2 protein chains.
Amino acid sequence: MTTNARHESDDEGDAGPGTRERIVVATSRLMQRQGYSGTGVKQIAAEAAATLGSVYHFFPGGKKELAVAAIRHGEREFAEELARCLAAAEDPADGIAACARSLAGGMRESDWADGCPVASTALGVTGSVPDIRRAADEAFTHWRSLVAERLREHGFAGDDARELAYTVISTLEGAEMAAQVARDEAPLRIAGAHLARLVGLYAAAPRS
Amino acid sequence: MTTNARHESDDEGDAGPGTRERIVVATSRLMQRQGYSGTGVKQIAAEAAATLGSVYHFFPGGKKELAVAAIRHGEREFAEELARCLAAAEDPADGIAACARSLAGGMRESDWADGCPVASTALGVTGSVPDIRRAADEAFTHWRSLVAERLREHGFAGDDARELAYTVISTLEGAEMAAQVARDEAPLRIAGAHLARLVGLYAAAPRS
DNA sequence: GTCTATACCCCGATAGAC
DNA sequence: GTCTATCGGGGTATAGAC
């Protein structure tokens with residue numbers, strides 16, 4: 001694209017992250033806490049230590065384009081954590097429970113400020129900004145594919161794996177929101193235990 | 001309070017809903033679709049066919065107070081539907097699955113515009129408006145209590161019922177959001193089936 | 001209780017120098 | 001690529017007549 005976009009993730013040697021990446025990270029963090037409408041472009045510029053001109057230079061599509069980039073950034077971040085949890089556990093059920101614990105840890109460490117960046121960015125504009133809705137849908141779809149693939153590796157039937165992946169991601173999303181609103185990790189702890197049991201049930205008796 | 005607030009739900013004979021109730025309903029509907037920050041007080045007044053002066057007359061606390069009232073309104077609406085579904089089914093598992101179907105129907109009928117009014121109103125301001133976070137927490141807590149009570153009536157152990165209620169509400173919330181983002185009822189359909197199986201599992205083999 | 005008018009502020013986005 | 005200045009509009013909330 002522009003002369004400054006080298007490959008994908010910029011690598012500026014020892015100069016720290018490039019301007020574009022700082023803007024994306026700032027957008028993601030702010031919209032995670034305040035949502036799309038609650039976050040201003042000027043606030044993003046300030047948080048990223050960039051000027052308004054730079055923001056619109058890299059994102060001529062304005063706030064909507066910023067939100068899409070932020071959702072994709074949050075998508076990659078959680079995908080990495082999810083893959084780590086699933087790979088580290090012998091059993092997929094344990095991996096899912098570990099992921100729930102990881103989410104609970106992140107929420108507690110941020111004093112319940114950092115929920116799902118995709119959900120908080122997309123909710124409230126799914127009906128009016130199609131690009132944002134689509135980016136959020138793609139994020140959920142990718143996360144589900146990671147879960148389903150791990151389940152299939154472990155011998156689950158394809159349909160079971162696909163359906164369980166839906167409920168795993170839905171439940172983690174809902175429990176994270178409940179935890180944020182309650183300022184209590186109980187919803188995530190309980191969700192992790194129940195999801196592990198549900199997955200174990202399908203491992204033992206494949207189809208209903 | 002004021003001379004016009006008679007009991008709780010106004011009953012104006014044949015004059016239709018009173019101004020205050022129209023404002024609450026409009027706030028709930030708009031924030032359900034656009035979130036807290038995406039909804040303007042002027043827009044609320046227009047949707048309620050009221051003037052800005054009337055809005056601030058009934059809600060001197062402004063937008064924050066409107067949001068709390070809207071969340072409580074949405075809480076009551078879903079509580080009624082949830083209670084209906086649970087009461088109509090012989091088995092709590094069937095009642096929960098029916099509730100998932102009911103949510104899917106509402107989403108589809110609104111062309112995936114009407115998600116959970118509590119979630120969309122509260123997400124994005126849980127960190128900055130304590131009253132709104134608290135109202136949302138109370139809504140979830142009440143919904144969980146309805147599920148837990150029904151499970152206990154059906155012979156579930158108290159702890160199992162309490163914990164299952166957490167996951168039932170979390171999963172329905174997450175699946176509703178996933179359905180909205182995907183514009184597809186699959187997440188809710190699958191969630192309903194899985195929750196029914198999970199509940200059935202605890203009915204058969206009480207403690208893990 | 002209802003209505004109009006308005007104060008005051010910040011929004012997203014753009015222009016154009018450097 | 002970065003920066004400042006600004007435009008046009010809409011935001012929340014209030015004042016005060018009726």
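Sequence lines set the chain letters: A, B, ... in the order given, protein chains first and strands last, and positions in each chain run from 1. Side chains are part of it too, since the values below use all heavy atoms of this structure and drop only hydrogens, waters and symmetry mates. Predicted, not measured: the structure shown is a model, and the values here were computed from it.
By the salt bridge (Lys or Arg N to Asp or Glu O under 4.0 Å) test, B:Asp114 pairs with B:Arg33, sequence neighbours left out. For B:Glu149, there are no salt bridge (Lys or Arg N to Asp or Glu O under 4.0 Å) partners two or more places apart in sequence or in a different chain.
For A:Glu81 and A:Ser102, the side-chain atoms include at least one donor-acceptor pair closer than 3.5 Å.
Residues A:Gln32 and A:Thr121 are not in side-chain contact: their nearest non-hydrogen atoms beyond the backbone lie 4.5 Å or more apart.
Put simply, A:Thr19 has a side-chain N or O that comes within less than 4.0 Å of OP1 or OP2 on D:dT2. An OP1 or OP2 oxygen of C:dT2 is reached within less than 4.0 angstrom by a side-chain nitrogen or oxygen of B:Ser54. At the phosphate of C:dC3, OP1 or OP2 sits under 4.0 Å from a side-chain N or O atom of B:Thr51.
When the C1' atom of D:dT12 is taken as reference, atom CZ of B:Phe59 falls 16 Å away, rounded to whole Å. In this entry the distance linking CZ of B:Phe58 with C1' of D:dT14 reads 18 Å, nearest Å. Remark: C1' of C:dC9 and CD of A:Gln43 are 15 Å apart, rounded to the nearest angstrom. Residue B:Ile23 contributes atom CD1, which lies 13 Å from atom C1' of C:dC3 at whole-angstrom precision. Atom CD1 of A:Ile44 and atom P of C:dC11 are 11 Å apart (whole Å).
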Under a 4.0 Å heavy-atom criterion, the protein footprint on nucleotides 13-18 of chain C, written with B, S and -, is BB----
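A salt bridge is absent between B:Arg72 and B:Glu75; no separation between the charged side-chain nitrogens and carboxylate oxygens falls under 4.0 Å. Ion pairing between A:Arg134 and A:Asp137 fails under the 4.0 Å rule for side-chain N and carboxylate O.
Residue B:Ser37 is classed as having no contact, given no heavy-atom separation below 4.0 Å to the nucleic acid.
Heavy-atom distances to DNA chain D give each of B:Gly40 and A:Arg22 a nearest nucleotide, and the one nearer the 5′ end belongs to A:Arg22.
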